[in-house]
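Accompanying notes for the structure given below.
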Amino acid sequence: MTNALVNGNTGLESRFDSMNLSRSAYVPPHMRSSQRAASSPSPSPSPAPSRNGWNDSRGGAPSSRGGFSDRGRGGNSFTNNRVAGGGQGWGERSTSQNWSASPREQPKDNQMFGYGAWKDGQHVVGGRNMRMEKEIYGEADDPSKQHTGINFEKYDDIPVEATGADVPDPVTSFTSPPLDPVLLENIGYARYTIPTPVQKYSIPIVANGRDLMACAQTGSGKTGGFLFPILSASFTMGPRAIPSEPNGYGGRRRATPTALILAPTRELVSQIHDEARKFAYRSWVRPAVVYGGADISQQIRLIERGCDLLTATPGRLVDLIERGKISLANIKYLVLDEADRMLDMGFEPQIRRIVEGEDMPGVHDRQTLMFSATFPRDIQMLAKDFLKDYVFLSVGRVGSTSENITQKFEYVEDNDKRSVLLDILNSHSNESLGLTLIFVETKRMADMLSDFLIQNQWHATSIHGDRTQRERETALQTFRNGQTPIMVATAVAARGLDIPNVTHVVNYDLPSDIDDYVHRIGRTGRAGNTGVSTAFYNKNNKNIVKELVELLREANQEIPGWLEVSAHEASFGGSFRGRGRGRGRSGGRDYRTGGGGGWW
DNA sequence: AAAAAAC
């Protein structure tokens, strides 16, 4: 049966506004509101600037090539044409032209508008390119482009602990120095105002040549946390001296990136790449991205045109290294993002091969930054092998332990889940522009549930690993821009993805790992905004009930009585899967400091 | 047990 709304439904009912009689029959008409997509001011934010867009300005380049052309459509990233390079890299890094930093002095037909170069040991900054700025930074009022960090002040509440030898003092604002002035301008274009706690520490840590091990999630501003210091130093210092074999490998030049970022999922690397494009603007650094499921020859063409900061999933990168298209000999900066997740997914062999088994400079000849939500033993081993004298940064949870996310629980048997879900969607539909992300455990369930929702007149889509990359990208795009404000997802979307405006996360199926739960609800309430999460609990979820209750208590959430009872029963009923499984639930701590016996 | 990821 459906013991609905156990944890209260505070005030939602009083806020519905419009009506929609085409809705499912589960809720009386007065509780229905119009489909969110329909009320969205602009379902497809900017009508493709492509064709006669700036591709034309560079002399008739095929628009499929650069990929900028596609991106205007949904405001976001994923299209097959934009597999690598972000459309950048026309011409070599050191062209003979002498660019001026001042836009007024740029020749009008300069095809390098927006791109800089490194020439004779100097950073030659490219002129501004307004079309490109609109493209990569978005319109100020485009919600799908909006950066999540609206309530930045709230970041000050996030506790940060830095340990290690001689930890540099954190910065308090974006300034030059220590940041390169060009980067500072780009940060301004991207409308970032105040550094997040991770960024405050990572900027001076990297600037001082130190390695970093950070326990933090994506919502903490971690992407900027590694992009800012790496790009800043790159702008100022230039690339590593090109080794002896710059050309002629397989007839073409091999890409020799200065910075490499590894992340577990395709969507995540694409998202990081989008950020990289913002901050590399007008500089000599050409960002590129490679991942599986997309046409590899297209990616090869693009990295050949410029690949200084490469974001990659491990499998595709290994493939490209084997094909001789990428050399890591020039790497100065290595980032492992979501390291625990990558190990969970079995990437360790590929990662070790990339870092230790190819031509990447050794640990003392590069700077390495590792990010991980947790710090279990296998990550510690990786840190021991990949990092040197690192600073350990522990960043408090942005979501769960703060009160930004209201966590509701409902006792729902499996057979009742669909019906309860419709109830919930209806009662939330008045929050007009918010997005709803629904997590299920299996790919099959993701398909079935999204079909079911569509049958019930909801604009829903789904994302999971059995869909083609194309479908995944489309799903994410229409979700972000509000055309399908409901997305059913498997674990593929659980971590790392930064989707602004997700106001509601539904754990239709609870995960069996408490960390997964934390990551999932962390898709809402991003960056200090508030969000709601609803979880369907039943007897099949007893394996995490104890940890759930602990978590709720920590986060100052209301705990339904029946949930506490269930937790109490579980602690006697044998089947506890102890906390000692090698993984603390909190962000982790620096085991080097001793600190009186960790929990692993 | 399922999910993710190279072809």
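Keep in mind that this is a model prediction, so the values were computed, not measured. Lettering follows sequence order; numbering is per chain, from 1.
Put simply, CE on A:Met342 is 13 Å from P on B:dA5, counting in whole angstrom units. Residue A:Leu343 contributes atom CG, which lies 16 Å from atom C1' of B:dA3 at whole-angstrom precision. Across the protein-nucleic acid pair, A:Asp516 atom CG and B:dA4 atom P stand 12 Å apart, rounded to whole Å. With rounding to whole Å, A:Asp466 atom CG is found 10 Å from B:dA5 atom P. The CD1-C1' distance, from A:Ile463 to B:dA4, rounds to 12 Å in whole Å. A:Gln350 has its CD atom 8 Å from the P atom of B:dA6, to the nearest Å. What separates CZ of A:Arg353 from C1' of B:dA5 is a distance of 15 Å, to the nearest Å. Taking atom CG of residue A:Leu510 and atom P of nucleotide B:dA2, one finds them 18 Å apart after rounding to whole Å.
A search for side chain to side chain donor-acceptor pair (under 3.5 Å) contacts involving A:Lys417 returns A:Asp414, A:Asp509, not counting sequence neighbours. Looking at residues two or more places apart in sequence or on another chain, you find a side-chain contact (heavy atoms from CB on, under 4.5 Å) between A:Arg444 and A:Thr442, A:Met448.
For A:Arg266, a side-chain nitrogen or oxygen approaches OP1 or OP2 of B:dA6 to under 4.0 Å. The shortest distance between the side-chain N/O atoms of A:Thr442 and the OP1/OP2 oxygens of B:dA1 is not below 4.0 Å. Between A:Arg472 and B:dA5 there is a side-chain polar atom (N or O) within less than 4.0 angstrom of OP1 or OP2.
Residues A:Ile303 and A:Ala288 approach most closely at CG2-CB, 4.0 Å, considering heavy atoms.
Side-chain N/O atoms of A:Ser512 and base N/O atoms of B:dA1 include a donor-acceptor pair closer than 3.5 Å.
When distances are taken from the side chain of A:Thr265 to each of B:dA1, B:dA6, B:dA5, the shortest belongs to B:dA5. With B:dA3, B:dA5, B:dA6 as the candidates, the nucleotide lying closest to the side chain of A:Thr490 is B:dA3. Ranking B:dA5, B:dA4, B:dA1 by closeness to the A:Lys443 side chain, first place goes to B:dA4.
Side-chain N or O atoms of A:Asp211 include none that pairs as donor or acceptor with a backbone N or O of A:Leu387 at under 3.5 Å. Formation of a donor-acceptor pair under 3.5 Å by the A:Gln299 side chain with backbone atoms of A:Tyr291 is found in this model.
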